[in-house]
Engineer: 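One structure, pasted below without further comment.
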Amino acid sequence: MNFLDSLNEQQREAVIATDGPSLILAGAGSGKTRVIAHRIAYLIAEKGIAPWNILAVTFTNKAAEEMRLRVQRLLRDQELSSAPLVSTFHSLCVRILRQDIEKLNDKYTRTFTIYDQDDSQRLIKNCIKDLGYDEKHLGVRATQSAISSAKNRGEDVDAFAARADYVDERRAAMARVYKLYEERLHANNALDFDDLMIKAVRLLRDVPEVCEKYNNKFKYLLVDEYQDTNSLQFALISLLTEKQQNIAVVGDEDQSIYKWRGADITNILNFEKHFANTKTIRLEQNYRSTQTILDVAGAVVKHNVERKGKNLWTSNPKGERVRYYQAFDADAEARWVASKIVEHRREQYDIRAAVLYRTNSQSRVFEEAMRRTGLAYNIVGGFSFYERMEVRDIIAYLKLALNPNDSIALQRVINSPPRGIGKQTVEELARRANDFGLTLWDTIKLVIEKPDGLSMRAMTALRGFRRIILKLGEMAGVVESPMSNVQSQTPNTQQPTPLDALVSDIVKAAILDTGYEYALKGEKTDEAEARLENLQELVNAAVDYDDNGVEGLREFIDHSALVSDQDQYKRDAPVTLMTVHAAKGLEFPIVFIAGLEDGLFPHSRSATDPAEMEEERRLCYVAMTRAEKFLYVTHAMKRRVYGEELASEPSQFLNEMPLELIEDLSLGKSWLSFARGSTTIEYEQGEYRKEKKKYTGKTYDSADSIAEFFKQRASQLGNTGGGFQSAKEQRARDASPPARTSSSRVQSPTPDTEHQAPSSEFVPGSYVKHAKYGRGLVLRREGAGDSLKLTVTFPGFGQKKLVQKYAGLEKA
DNA sequence: TAAAGAAAGTTTTTT
DNA sequence: ACTTTCTTTA
């Protein structure tokens with residue numbers, strides 16, 4: 001088989017440039033995964049490189065899986081002694097650290113525990129509490145993200161503290177939390193996600209023999225999604241490739257969407273400077289999308305200033321226009337999307353579609369709509385299997401068995417299922433642990449041996465708990481370690497001998513011997529039933545693990561920490577629901593981008609910072625370029641946020657699309673029809689320039705559209721509804737300032753107002769006049785008689801709830 | 001101590 | 001709206 005025949009000239013170039021550094025700038029849909037896979041196959045089959053000398057690094061397990069599959073397919077005729085290593089950054093680091101972390105001499109042992117986001121958050125919470133800070137003022141999440149970004153910047157506790165001291169009290173407090181957090185991680189022999197990168201980099205940097213070893217092992221290095229690498233990842237790559245410089249990175253600046261997580265775009269922009277004699281190859285032919293989709297996506301991303309610009313082209317057909325729908329609310333949006341998917345699948349039974357949204361919270365309505373419609377959907381994100389409470393509990397038992405010093409795991413399961421070790425007891429233990437400088441585990445041992453102060457009941461329960469953990473440890477081949485404390489860790493006392501018991505047996509024991517199953521069975525609820533099924537699923541996963549090989553409990557647990565919700569993606573599902581971030585690297589014949597609303601996409605948190613705004617735009621670009629044939633964009637006029645309904649304006653990104661390439665499928669008047677009427681499109685130096693008239697309030701705002709909606713519905717129901725005129729006519733006479741509706745709240749009408757004749761003229765959808773606020777739109781009425789309350793939105797003042805009797809309202 | 005009920009905070013994106 | 005955390009009660 002010739003690996004080069006099916007490639008275009010640039011792709012071929014990228015595949016055969018195996019020696020020395022290469023920078024492959026690959027536009028959306030230009031075949032970048034293909035190039036990496038072919039390059040690996042080429043190295044093995046044509047250049048005779050041993051598979052174990054090749055390392056490919058990705059960000060997600062999903063991407064790694066895809067890569068492995070493609071390489072395997074290309075090399076299916078070859079007899080291979082082993083497969084090339086395709087790994088995520090984090091699992092690569094774990095691999096390296098499980099081998100050699102003790103060479104760092106900072107008291108971490110090879111049996112270290114990995115703390116995921118949730119574990120680390122719990123620990124930070126404890127730290128904040130124990131330092132006596134107000135959780136409300138400091139904020140667990142805020143603190144965690146501050147610490148995480150400090151770590152990613154390479155700022156240790158001292159550097160962070162030095163910078164914080166003079167800034168403000170809050171940051172100084174965070175610095176103290178950071179310090180305690182680090183100490184406790186250490187005491188627990190635990191590493192958080194950031195530490196995995198940090199320690200691996202330090203190991204390669206400070207221990208030449210380790211660096212040498214991996215340089216000799218990985219002679220060829222490939223990095224996917226290079227635009228999203230942060231400084232630590234860059235350091236890791238540089239160190240791994242120090243000796244041979246055979247490194248190929250693939251990326252696209254327009255698809256950089258992880259700046260918020262520390263991704264440093266200069267890594268890709270300055271690659272040629274960092275690596276001498278870089279060969280730069282551009283892949284600019286798009287094989288994925290229609291010309292129209294590329295045109296629309298290109299027009300949007302062109303609004304970014306921080307951009308080199310590229311010339312992405314395709315020989316694909318022009319295709320159909322981008323389809324647009326304005327929905328009344330999120331529910332209607334979801335139902336419409338579902339109905340369109342059904343239509344498409346009637347035409348082509350196996351066509352795949354993706355629904356992309358900005359935030360995970362949008363997923364629920366789509367899930368419900370798909371279920372109602374009977375579409376088999378696959379949802380990525382939100383809860384991963386390993387994030388379910390019961391699964392985490394069992395994993396915590398197993399983690400504890402392997403590393404009893406893991407106080408986070410201990411606190412998680414010490415009383416679940418309930419065994420009489422309540423809050424009081426745990427707090428007492430924590431106090432003593434702190435006083436003695438011992439871990440919780442060792443404190444328990446001490447308390448059991450020298451009983452004092454604690455109730456008989458608590459003692460018995462603690463003894464039982466300890467016995468359970470020790471037994472699990474025994475099964476996993478852990479030798480009970482002598483008393484350890486913070487100062488002297490105990491290296492090498494726990495050597496698991498994986499052959500003692502199967503992983504699945506240990507998992508079963510953790511479910512049964514802990515009383516976990518018994519407690520769930522006792523509940524006799526549907527929910528408990530579902531939890532039991534999930535635990536059965538965990539056992540199945542463990543059985544698979546046993547069947548597949550030689551790895552032990554440790555690897556099973558590592559896997560559970562490093563595998564994420566991204567990995568639930570099933571490529572053949574008819575419908576996939578996911579965030580735009582999760583869709584990076586994927587492609588679908590049909591793509592829906594939902595919730596294109598101001599404050600949602602682009603997200604309000606990005607509104608103040610132009611750089612973040614550009615990232616939102618790139619995100620939009622990524623979403624659009626996932627589509628092969630059909631692209632749909634939708635938005636809703638109102639949406640629930642924190643349980644309150646807010647009116648929402650269309651996204652500015654809609655406005656940045658060439659309107660002539662959009663087909664309006666909305667019922668009645670939509671934002672787009674207003675936009676068309678009021679926009680003059682000018683050509684300036686060969687580019688579209690549009691006059692921005694849309695947000696003056698004269699052409700469109702949601703309150704108007706909602707009024708329009710009520711009017712239509714009223715006439716359908718034969719209800720006179722107060723006899724108001726069309727929103728447009730009213731507005732023409734209206735001298736009040738333009739509505740600022742993006743912050744105004746809108747309530748849906750109570751159901752009975754639709755059917756029963758209103759007792760007054762102030763019905764939802766009609767306009768009223770208020771002495772102070774001027775003219776406003778009635779959104780909702782509650783109560784009757786003297787207590788009749790109206791919810792009214794006033795342009796410029798937002799929503800007010802008024803008692804009709806006192807408000808002195810007039811019909812307007 | 002544990003269960004049940006009330007109040008408060010929450011949503012940007014993720015290894 | 002939904003989930004986590006605090007408060008009350010058995």
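Labels below follow one simple rule: chain letters A, B, ... track the order of the sequence lines, proteins then strands, and each chain is numbered from 1. What you see is a predicted model, and the numbers here were worked out from it, not measured in a lab.
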Engineer: What is the distance, rounded to the nearest whole Å, between atom NZ of A:Lys129 and atom C1' of C:dT5?
Structural biologist: 10 Å

Engineer: Between B:dT10, B:dT1, B:dT14, which nucleotide gets closest to the side-chain atoms of A:Thr425?
Structural biologist: B:dT1

Engineer: Given A:Met578, which of A:Ile379, A:Leu356, A:Asn378, A:Asn360 fulfils the side-chain contact (heavy atoms from CB on, under 4.5 Å) condition?
Structural biologist: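 Only match with A:Met578 under side-chain contact (heavy atoms from CB on, under 4.5 Å): A:Leu356.
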
Engineer: Any base atoms under 4.0 Å from A:Phe59, or only sugar-phosphate, or nothing? Heavy atoms, all strands.
Structural biologist: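 Sugar-phosphate: the residue A:Phe59, judged by heavy atoms under 4.0 Å, touches backbone atoms but no base.
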
Engineer: A:Gln121 has an atom CD; how far is it from atom P of B:dG9, in whole Å?
Structural biologist: 16 Å

Engineer: Where the side chain of A:Glu612 is concerned, which of B:dT11, B:dA2, B:dT12 is the nearest nucleotide?
Structural biologist: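 When the side chain of A:Glu612 is considered, B:dT12 is the closest of B:dT11, B:dA2, B:dT12.
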
Engineer: Rounded off to whole Å, could you give me the CD-to-P distance for the A:Glu616 and B:dT11 pair?
Structural biologist: 17 Å

Engineer: Would you indicate which nucleotide in B:dT1, B:dT15, C:dA1 comes nearest to any side-chain atom of A:Gln424?
Structural biologist: B:dT1

Engineer: Side chain of A:Trp260 only, heavy atoms from C-beta on: which candidate in B:dT15, B:dT13, C:dA1 is closest?
Structural biologist: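 So the side chain of A:Trp260 is nearest to B:dT13.
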
Engineer: With P as the reference atom in both, quote the distance from B:dT13 to C:dT4 in angstrom, rounded to an integer.
Structural biologist: 15 Å

Engineer: Hey, which of these two, A:Phe89 or A:Ile421, hits DNA chain B nearer its 5' end, going by closest nucleotide?
Structural biologist: A:Ile421

Engineer: Can you tell me, in whole Å, how much space there is between the C1' of B:dT11 and that of C:dC6?
Structural biologist: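 So the two C1' atoms sit 22 Å from each other.
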
Engineer: Between A:Gln144 (CD) and B:dT13 (P), how many Å, whole number?
Structural biologist: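 The distance from CD of A:Gln144 to P of B:dT13 comes to 14 Å, rounded to the nearest Å.
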
Engineer: Examine A:Arg618 relative to A:Tyr621 and say whether NZ or CZ is less than 6.0 Å from the centre of the six-membered ring and inside a 45° cone about the ring axis.
Structural biologist: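 No, A:Arg618 does not sit over the ring of A:Tyr621.
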
Engineer: Counting the atoms with a prime plus P, OP1 and OP2 as sugar-phosphate, which does A:Ser361 contact under 4.0 Å by heavy atoms, base, sugar-phosphate, or nothing?
Structural biologist: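 Base, at least one base atom sits under 4.0 Å.
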
Engineer: Among the nucleotides C:dA1, B:dT12, B:dT14, which one has an atom lying closest to any side-chain atom of A:Arg364?
Structural biologist: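 Looking only at heavy atoms from C-beta outward on A:Arg364, the closest nucleotide is C:dA1.
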
Engineer: Check whether the side chain of A:Arg605 and the base of B:dT12 form a donor-acceptor pair under 3.5 Å.
Structural biologist: no

Engineer: Look at the side-chain N and O atoms of A:Ser606 and state whether any lies under 4.0 Å from the OP1 or OP2 oxygen of B:dT12.
Structural biologist: no

Engineer: Base, sugar-phosphate alone, or nothing: which one does A:Tyr258 contact when heavy atoms must sit under 4.0 Å apart?
Structural biologist: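 Contact class for A:Tyr258: sugar-phosphate only.
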
Engineer: Between A:Asp119, A:Asp406, A:Thr113, which is the residue that forms a side chain to side chain donor-acceptor pair (under 3.5 Å) with A:Lys399?
Structural biologist: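 Single side chain to side chain donor-acceptor pair (under 3.5 Å) partner of A:Lys399 among A:Asp119, A:Asp406, A:Thr113: A:Asp119.
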
Engineer: For B:dT12, take OP1 and OP2 only and decide whether either is under 4.0 Å from a side-chain N or O of A:Asn360.
Structural biologist: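 For A:Asn360, the contact criterion (side-chain N or O under 4.0 Å from OP1 or OP2 of B:dT12) is not met.
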
Engineer: Quick one: label A:Arg618 by what it contacts on the DNA or RNA (base, sugar-phosphate, nothing), any heavy atom closer than 4.0 Å.
Structural biologist: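 The residue A:Arg618 makes no contact with any strand.
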
Engineer: Can you tell me which residue among A:Glu649, A:Glu644, A:Glu333 is in a salt bridge (Lys or Arg N to Asp or Glu O under 4.0 Å) with A:Arg639?
Structural biologist: A:Glu333

Engineer: Whole Å only: how far is the CZ atom of A:Arg617 from the C1' atom of B:dT12?
Structural biologist: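 The distance from CZ of A:Arg617 to C1' of B:dT12 comes to 17 Å, rounded to the nearest Å.
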
Engineer: Within the structure, does a side-chain N or O atom of A:Asn415 lie under 4.0 Å from either OP1 or OP2 of B:dA2?
Structural biologist: yes

Engineer: Between A:Glu367 (CD) and C:dA1 (C1'), how many Å, whole number?
Structural biologist: 15 Å

Engineer: By nearest atom, which of the nucleotides B:dT15, B:dT11, B:dT1 is closest to the A:Tyr642 side chain?
Structural biologist: B:dT11

Engineer: Could you give the CG-to-P distance, from A:Asn61 to B:dT15, as a whole number of Å?
Structural biologist: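 Taking atom P of B:dT15 as the reference, CG of A:Asn61 is at 8 Å.
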
Engineer: Under 4.0 Å, heavy atoms only, any strand: does A:Glu615 hit a base, just the sugar-phosphate, or nothing?
Structural biologist: nothing

Engineer: Taking OP1 and OP2 of B:dT11, is either one under 4.0 Å from a side-chain nitrogen or oxygen of A:Arg141?
Structural biologist: yes

Engineer: Which of these nucleotides, B:dT1, C:dA1, B:dT12, is closest to any side-chain atom of A:Arg358?
Structural biologist: B:dT12

Engineer: Less than 4.0 Å between a side-chain N and a carboxylate O, is that true for A:Arg153 and A:Glu155?
Structural biologist: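 Salt bridge flag = yes for A:Arg153 with A:Glu155.
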
Engineer: Return the 5'-most residue of the pair A:His603, A:Ala458 with respect to DNA chain B, ranking by each residue's nearest nucleotide.
Structural biologist: A:Ala458

Engineer: Return the value, rounded to whole Å, for the distance between atom CG of A:Asn230 and atom P of B:dT15.
Structural biologist: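 Rounded to whole Å, this separation is 14 Å.
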
Engineer: Report which part of the nucleic acid A:Lys584 touches: base, sugar-phosphate, or nothing (heavy-atom distance under 4.0 Å, all strands).
Structural biologist: nothing

Engineer: A:Asp116 near the nucleic acid: base, sugar-phosphate alone, or nothing, with a heavy-atom cut-off under 4.0 Å?
Structural biologist: nothing

Engineer: Which heavy atom of A:Ala150 sits nearest a heavy atom of A:Tyr178, and at what distance?
Structural biologist: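 Answer, listing the atom of A:Ala150 first, then A:Tyr178: CB-CE2, 4.2 Å.
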
Engineer: Is a salt bridge present between A:Glu645 and A:Lys638, judged by a nitrogen-to-oxygen distance below 4.0 Å?
Structural biologist: yes

Engineer: Between A:Lys423 and A:Gly643, who's closer to the 5' end of DNA chain C by nearest nucleotide?
Structural biologist: A:Gly643

Engineer: Look at the side chain of A:His90 against the base of B:dT15 and say whether a donor-acceptor pair falls under 3.5 Å; ignore hydrogens and angles.
Structural biologist: yes

